[in-house]
Amino acid sequence: MGILSGKYFASDGAPPDARFNMFKGRYSEGESRYNLHSQDITTAAREYINIADKFGLHPVTLAIAFVLRRPLVASAVFGATKSWQLQEVLKACSVHLPSEVIAEIDKVHSRFPNPCP
């Protein structure tokens, strides 16, 4: 749903073409699962975004690179609606996440193991 992109935390709100805005009221599963009023969801997402910023990565690149380095993962599912999003996903395929990044991700994950059940 694009939460890890950070677009929903902008001071002016998400862009009008963001999924939550385009399909508001028509995607109840997504709206309940990724409820931006949930403190766990917003706190976890902001912390992951901060990790990406700290290490000079786009949050999308961080998320995809992390998923791709997991054992037994053969592919990552993503929903790019713009070419720049696809570019971030492709970039993630060649990003090496140092142990410091993984340690910070693991700290957030230990506090929020499943913020979007």
Side-chain angles (χ1 to χ4, degrees):
M1 296 301 292
I3 294 172
L4 289 177
S5 71
K7 64 185 167 192
Y8 295 104
F9 303 121
S11 59
D12 60 349
D17 61 348
R19 280 187 187 94
F20 275 147
N21 292 337
M22 289 176 52
F23 302 107
K24 193 172 196 108
R26 293 184 285 164
Y27 184 44
S28 60
E29 179 189 348
E31 289 175 8
S32 63
R33 182 174 186 188
Y34 304 104
N35 182 348
L36 293 175
H37 298 292
S38 163
Q39 187 172 354
D40 282 355
I41 292 172
T42 57
T43 302
R46 287 179 190 271
E47 289 190 26
Y48 289 126
I49 292 165
N50 290 340
I51 293 168
D53 288 345
K54 178 178 178 179
F55 291 95
L57 297 169
H58 190 282
V60 171
T61 304
L62 175 76
I64 298 294
F66 180 79
V67 167
L68 291 176
R69 75 178 305 277
R70 306 314 308 163
L72 304 177
V73 171
S75 64
V77 177
F78 60 91
T81 56
K82 297 181 179 50
S83 62
W84 72 263
Q85 294 167 325
L86 180 58
Q87 293 304 315
E88 291 299 332
V89 171
L90 294 173
K91 187 187 314 180
C93 295
S94 61
V95 167
H96 168 74
L97 298 177
S99 58
E100 298 86 8
V101 175
I102 301 303
E104 291 205 29
I105 291 171
D106 287 345
K107 284 180 195 173
V108 175
H109 183 260
S110 69
R111 291 180 27 241
F112 304 100
N114 192 10
C116 301

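Since the structure is predicted, the reported quantities are computational estimates derived from the model, not experimental observations.
For the pairing with P59, the side chain to side chain contact (heavy atoms under 4.5 Å, CB included) check across N50, I49, I64 returns one residue only, I49.
Note that CG of L97 and CZ of F55 are 9.5 Å apart. Values are rounded to the nearest 0.5 Å. Note that the NE2 atom of H58 and the CD atom of Q87 stand 12.5 Å from one another [nearest 0.5 Å]. A distance of 13.0 Å separates CZ in R33 from OG in S28, rounded to the nearest 0.5 Å. The CG atom of L4 lies 8.0 Å from the OH atom of Y48; values are rounded to the nearest 0.5 Å. Remark: I3 CD1 to L36 CG distance equals 5.0 Å, nearest 0.5 Å. Rounding to the nearest 0.5 angstrom, the gap separating the CD atom in E88 from the OG atom in S5 is 10.5 Å.
Contact detail for I41 and P115: the closest heavy-atom pair is CG1-O, 3.0 Å. Heavy-atom minimum distance, C116 versus Y34: SG-CD2, 3.5 Å.
The shortest side-chain heavy-atom distance between V101 and F66 does not fall under the 4.5 Å cut-off. In this structure, L57 and V95 have side chains that are in contact, with non-hydrogen atoms separated by less than 4.5 Å.
Listed by first and then second residue, the side chain to side chain donor-acceptor pair (under 3.5 Å) pairs that reach into residues 100-115 are E47-R111, K54-E104, sequence neighbours excluded.
With sequence neighbours excluded, no residue forms a side-chain contact (heavy atoms from CB on, under 4.5 Å) with V77.
By the rule that hydrophobic residues join a cluster once side-chain heavy atoms approach within less than 4.5 Å of another member, L86 and V60 end up as members of one cluster. Under the 4.5 Å side-chain heavy-atom criterion for ILVMFWY residues, a single connected hydrophobic cluster contains both L62 and V108. Hydrophobic cluster membership is shared by I51 and F112, with clusters built from Ile, Leu, Val, Met, Phe, Trp and Tyr side chains linked at under 4.5 angstrom.
Listed for the T42 side chain is a donor-acceptor partner under 3.5 Å among the backbone atoms of Q39.
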